[in-house]
Number of protein chains: 2
Amino acid sequence: MASLVVSRKDQIIQVAADLFKIRGYEATSMRDIAQQLEIEAASLYHHIKSKEEILEKICFSMADQFLTGIEEVNDIYFSAEEKLRMAIKSHVRVLTGNLSKSTVFLHEWRSLNGEKLIEFKELRDKYEKGFKTIIQDGINEDIFDDVDLKFAVLSVLSSVNWIAEWYRVDGGMTADEIANRISDFVMGGLRKKLVTDPHFKG
Amino acid sequence: MASLVVSRKDQIIQVAADLFKIRGYEATSMRDIAQQLEIEAASLYHHIKSKEEILEKICFSMADQFLTGIEEVNDIYFSAEEKLRMAIKSHVRVLTGNLSKSTVFLHEWRSLNGEKLIEFKELRDKYEKGFKTIIQDGINEDIFDDVDLKFAVLSVLSSVNWIAEWYRVDGGMTADEIANRISDFVMGGLRKKLVTDPHFKG
DNA sequence: CCATATGCCTAACAAATGTTAGACAAAAAT
DNA sequence: ATTTTTGTCTAACATTTGTTAGGCATATGG
């Protein structure tokens, strides 16, 4: 079943993700996807149940990766700052690891319907909660400013998520370099302003 | 022509923007828009030329507002920090002033075609350049860290743009409050780390 | 060597899409 | 009072959409 070579189904999903990223889910037709694979649209249905199944597979597989990352970080005992840096690193790695799928995860999930949509939103909230926990830890540890929690989380998530809008694989920055710079940046906004050394770089 | 009461055309565009924000441009049909106005789809065409014209009107009117804001800021002589705070304030005001249209401006512009798409991208680049100028000023003035310019701009824009994802009119925060908090936050990431006073709040 | 599974094809479908044409009523302008 | 404008309607259109049915070929496994 699962093998080293990419299954046809996975190929379809990846190609679909690439198109969804560029044109959006609704603007991408099954014939567009098929054309990219040089087959007919009807042939896709021997591998997938429906167009929406493709979207579900993308959204939930990414949700899974993002969640796994932050859960691992929260399981380990570390300082809040260390945790936040690790969480950001994990996030950027997942995101840059599959940019197309990540973009779909971030923007196209609203095309999900019914139970799947509810389920997805729950996972998304769970992920936000993971960051919230870390920042709350930081406030408790007196490391971070006592900023409004929700606001801080949103600021952090906005910084990391916007990467999907501008990151290019050949842009010269590795995932970890980006993660470090973002960490420095948001840390500057969160950390207690006690610094004396002008060359301090966090 | 232009009057105090909202023209039918403007009503259509506003209703369309609201739907585009929720479901996306492609997923919103002319019949959806018509239904919201309690008329038939065909009736829309006495006011607008095409579905895409609606999208164009939304995208370019918002681009105009955002650009006007930052140009005003850059015309005035002020410190870079002051300018950045003003630019952020202007941005948040425009954004919260019409959340639906702003969201369309941020996410649905890719459904534009041909010349209009190119034109729009130019305006968008021009806006980014406005922020870039401010931050460059700050670096020259030795107020901001010598961060990579492009990276800093993207960080700032990510912070302000993500607001569209979570801001609710009844959420208890005014536009200016949000602007101030974001300013504090990004300033923490940009400003030279020379602070000694632990109660310093920028 | 045969049976089965895999992967693709053509053809077709019902539904939904953006849009046009032409008619009719009410309001505004002359 | 009559013309013009404005705003809507019904009806229809060509196209595109996601999807299904059924068939044919190649590879796989007994």
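All values below come from the heavy atoms of this structure, side chains included, with hydrogens, waters and symmetry mates left out. We name chains A, B, ... by the order of the sequence lines, and we start the count at 1 in each one. Keep in mind that what you see is a predicted model, and the values were worked out from it rather than measured.
The side chain of R31(A) lies closest to dG18(D), out of dC9(C), dG18(D), dT17(C). Residue K51(B) has its side chain nearest to dT19(C) when only dC9(D), dT20(D), dT19(C) are considered. Candidate nucleotides dG18(C), dT20(C), dT19(D) were compared by shortest atom distance to the side chain of M30(A), and dT19(D) ranks first. Of the candidates dG7(C), dC9(C), dG18(D), the closest approach to any side-chain atom of H47(A) belongs to dG7(C).
Residue S29(A) places no side-chain N or O under 4.0 Å from the OP1 or OP2 atom of dT16(D). An OP1 or OP2 oxygen of dC9(C) is reached within less than 4.0 angstrom by no side-chain nitrogen or oxygen of H46(A).
Rounded to a whole Å, the CD atom of E40(A) is 14 Å from the C1' atom of dA12(C). Taking atom CD1 of I39(A) as the reference point, atom P of dT10(C) lies 12 Å away to the nearest angstrom. The separation between Q35(A) atom CD and dC8(C) atom C1' is 17 Å, rounded to whole Å.
Using modelled atom types, one side-chain atom of E177(A) and one backbone atom of T174(A) make a donor-acceptor pair closer than 3.5 Å. Between the S43(A) side chain and the I39(A) main chain, no donor and acceptor come within less than 3.5 Å of each other.
Annotation for Q11(A): atom CD counts as buried by contact number, over 12 foreign heavy atoms lying within 6.0 Å.
Toward the 5′ end of DNA chain D lies the nearest nucleotide of L44(B), the other residue of the pair A41(A) and L44(B) mapping further downstream.
Expressed to the nearest 0.5 Å, how far OG of S159(A) lies from CD1 of I178(A) amounts to 12.5 Å.
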